[in-house]
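First comes the structure, then the notes that go with it.
Chain identifiers are assigned alphabetically (A, B, ...) following the order of the sequence lines, protein sequences preceding nucleic acid strands; residue numbering begins at 1 within each chain. Note that this is a predicted model, so its numbers are computed, not measured.
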Number of protein chains: 2
Amino acid sequence: MVHTRESLLAAAQRQLNADPLSSMAVVAAAAGAGRATLHRHFASREALLLEIGERSLGRWEQRLDEHAVEEVAASGDPGRIRECIRGLVRSFVDDSDDFGFALTDHFIVTDPVLVARGDTLVEREVTLWEAAQAAGVLRPDLAPRWISHAMYGLLVSAREALRAGDVARRDVGDLVVSTLLVGAGAR
Amino acid sequence: MVHTRESLLAAAQRQLNADPLSSMAVVAAAAGAGRATLHRHFASREALLLEIGERSLGRWEQRLDEHAVEEVAASGDPGRIRECIRGLVRSFVDDSDDFGFALTDHFIVTDPVLVARGDTLVEREVTLWEAAQAAGVLRPDLAPRWISHAMYGLLVSAREALRAGDVARRDVGDLVVSTLLVGAGAR
DNA sequence: CCTGAATGAGACACTACTGTCTCATATGAG
DNA sequence: CTCATATGAGACAGTAGTGTCTCATTCAGG
C-alpha cells in the first residue's frame with residue numbers, strides 16, 4: 001500500500017472526527033497504515049493535529065476566496081451579498097462533515113498559532129457581515145462577531161443533527177441558511 | 001478543609017469546563033483537595049464524568065420543570081408559549097456557562113445511559129416546539145428536532161462568544177433568543 | 001482535652017500511549 | 001529481473017495517568 005501525506009491526513013481527519021481521542025495506533029489503522037508509517041509523515045501526534053488544523057483553516061480560507069468575500073462586500077450590492085452569504089454558509093455546512101471536529105476539539109481550538117490564523121479569517125468574514133448590515137441584508141443591531149459565532153454554532157447543530165439522523169443531508173444546508181437568516185420564529 | 005460530594009462536583013465541573021482533558025490530579029487540586037479524597041468520592045474518572053453528565057442533565061430537566069413546558073404546550077396560548085421559550089432559552093444560556101463542556105465533551109455526549117436520558121429530555125422539549133408551531137409562534141416548516149439542535153448550537157455560540165469576549169454577559173441571553181427566533185437577516 | 005473520622009501526601013503497581021528503532025518484506029521504477 | 005525505497009510488525013524505553021494503599025496529620029464534636 002502506498003500512503004501519501006494527503007491520504008494519511010484525510011484518513012486521520014475522518015477517524016478523529018469519529019473519535020477525537022483516538023490514539024496514533026488507531027489513526028494509523030484507520031488509514032490502513034502501520035504506526036511507523038504514520039510517524040514517518042508526522043513527527044508527533046501534536047504535529048498531526050496541527051496539520052489537520054491547518055488543513056481545516058486552509059479549506060475555510062479557500063471558501064472565503066471562492067466566494068470573493070471582499071469583492072462582494074465592497075460591491076455593496078444587496079443581492080450579491082445575500083447570494084454570497086447563502087453560498088458561503090452552504091459551503092461551510094458541506095465542509096463541517098469532514099472538518100467538523102476541528103470546530104470543537106480542544107487542542108485545535110486552543111493552539112495559539114491556529115487561533116491567530118483563525119482570527120484573521122474571522123476578520124475577513126466580518127467585512128462581509130458589516131457590508132451586509134450596511135446593505136440592509138443583515139440586522140444592524142447584532143455585533144458582526146456574534147453573527148460569526150452564531151453561524152459556527154449552527155454548523156455544530158448541523159453536524160449533530162446529521163449524526164442523530166434528524167435531518168436529511170440534502171436539506172441541512174438550506175436549514176442552516178434559513179435558520180441563520182430568518183430564525184425559527186413564525187413571520 | 002471539608003469536602004462534600006457537591007463541592008467536589010462543582011469544582012470538577014469548573015475545571016473540566018476550562019480544560020476537558022484535565023487529569024484527576026489537576027481536578028483534585030482545582031477543588032483544593034488531595035487526589036485520594038477525590039477518589040474516595042468518585043471511584044474512577046469515568047464515574048466522575050458520568051456524575052457530571054447526570055448533574056447537567058438534572059439541571060436541564062429542572063429547567064424544563066421550572067418552565068412547566070408540558071403545561072404551557074398544552075395550553076396552546078401563543079403568548080405563554082412565546083414567553084416560555086424565551087425564559088427557557090435564557091435559562092439554558094445561563095447554565096451553559098457552568099455546564100457548557102457537557103455539550104461537547106465526547107465521553108459525555110457518547111455515553112449510552114446519558115444519551116438515553118438526554119433523549120427523553122429532548123422529547124419533552126419537542127412537545128413545546130410542536131405546540132409553538134401549532135400556535136403560530138414557530139415556523140411550521142422546520143423539524144422540531146432541528147429546532148432543538150439549532151438552539152444547542154446557539155448555546156455553543158454563546159459560550160464561545162463569551163470566552164472570546166465578543167459579547168457582554170448580560171446581553172448574551174437576549175442575543176441567543178433573538179437570533180433563534182428572528183434570525184440575523186434584516187426584516 | 002480526647003477521640004474518631006476525614007484528609008493530604010506520597011508510594012506503588014499497572015496500563016496506555018508516545019516516539020524511536022530495527023529488520024524482514026513488499027513494491028514499484030528502470 | 002534488480003534494486004532502491006517504502007512499508008508493517010514489533011521491540012523498546014520513557015512518560016503520564018489511574019486506581020489502591022498506607023500513614024501521619026488535622027480537625028470537629030463530645
Side-chain angles (χ1 to χ4, degrees), chain A residues 1-56 100-102 104-114, chain B residues 1-56 100-102 104-114:
Chain A
M1 177 95 69
V2 59
H3 298 293
T4 73
R5 190 183 188 76
E6 259 317 296
S7 75
L8 288 174
L9 263 181
Q13 204 161 42
R14 208 176 322 120
Q15 174 60 36
L16 291 170
N17 213 20
D19 177 5
L21 299 182
S22 302
S23 69
M24 291 295 269
V26 171
V27 169
R35 209 161 62 88
T37 303
L38 186 58
H39 272 291
R40 265 177 215 115
H41 287 270
F42 306 97
S44 67
R45 178 173 223 277
E46 205 167 277
L48 174 61
L49 285 182
L50 263 175
E51 198 116 4
I52 290 180
E54 293 286 1
R55 199 172 127 102
S56 307
F101 100 100
T104 50
D105 181 83
H106 187 258
F107 172 78
I108 290 183
V109 167
T110 302
D111 179 83
V113 175
L114 296 180
Chain B
M1 177 94 71
V2 60
H3 297 293
T4 72
R5 188 181 189 79
E6 257 320 293
S7 74
L8 289 175
L9 262 182
Q13 204 160 43
R14 207 177 322 121
Q15 174 59 38
L16 292 171
N17 212 22
D19 178 4
L21 299 182
S22 303
S23 69
M24 290 295 269
V26 170
V27 170
R35 207 162 61 90
T37 303
L38 187 57
H39 271 291
R40 266 176 213 114
H41 287 270
F42 306 98
S44 68
R45 180 173 221 278
E46 204 167 280
L48 174 61
L49 285 182
L50 263 175
E51 197 115 8
I52 290 180
E54 293 285 2
R55 200 174 126 103
S56 306
F101 100 99
T104 50
D105 181 83
H106 187 257
F107 173 78
I108 290 183
V109 168
T110 302
D111 179 84
V113 175
L114 296 180

Quiz item: Between the main-chain N or O of His3(B) and the side-chain N or O of Ser7(B), is there a donor-acceptor pair closer than 3.5 Å?
Solution: no
Quiz item: Sub-3.5 Å donor-acceptor pair from the side chain of Arg5(B) to the main-chain atoms of His41(B), do we have one?
Solution: yes
Minimum-distance nucleotide (side-chain atoms of [X] versus [options]):
X        : options                  : value
His39(A) : dT18(C), dT7(D), dT7(C)  : dT18(C)
Ser23(B) : dT7(C), dT18(D), dT7(D)  : dT18(D)
Ser44(B) : dG19(D), dG19(C), dG8(D) : dG19(D)

Quiz prompt | 5'-most by nearest nucleotide on DNA chain C - Met24(A) or Ala36(A) | solution = Met24(A)
Quiz item: Does any N or O donor sit under 3.5 Å from an N or O acceptor when you compare the side chain of Arg40(B) with the base of dG19(D)?
Solution: no
Quiz item: Ignoring hydrogens and angles, does a donor from either the side chain of Arg35(B) or the base of dG19(D) sit under 3.5 Å from an acceptor on the other?
Solution: yes
Exercise. Would you mind telling me which residue lines up with the more 5' stretch of DNA chain D, Gly34(A) or Arg45(B), judged by nearest nucleotide?
Key: Gly34(A)
Self-check item: Touch class at under 4.0 angstrom, heavy-atom based, for Ala28(B) against every strand present
Solution: nothing
Starting from [atom2] on [N], measure out to [atom1] on [X] and report it in whole angstrom.
X        : N       : atom1 : atom2 : value
Leu21(B) : dC17(C) : CG    : P     : 14 Å
Arg5(A)  : dA6(D)  : CZ    : C1'   : 16 Å
Leu49(A) : dG19(C) : CG    : P     : 10 Å
Leu38(B) : dA6(C)  : CG    : P     : 16 Å
His41(A) : dA6(D)  : NE2   : C1'   : 8 Å
His3(B)  : dC27(D) : NE2   : C1'   : 12 Å
Glu46(B) : dT18(D) : CD    : C1'   : 12 Å
Asp19(A) : dA16(C) : CG    : P     : 16 Å

Exercise. Indicate whether OP1 or OP2 belonging to dT7(D) is found under 4.0 Å from a side-chain N or O atom of Thr37(A).
Key: no
Exercise. Check Asp105(A) against Pro20(A) and note the closest heavy-atom contact, atom names and distance.
Key: OD1-CB, 4.1 Å
Quiz item: Any idea which heavy atoms bring Ala11(A) and Ala30(A) closest together, and the distance?
Solution: CB-O, 4.4 Å
Quiz item: How many angstroms lie between atom NE2 of His39(A) and atom CZ of Arg45(A), to the nearest 0.5 angstrom?
Solution: 10.0 Å
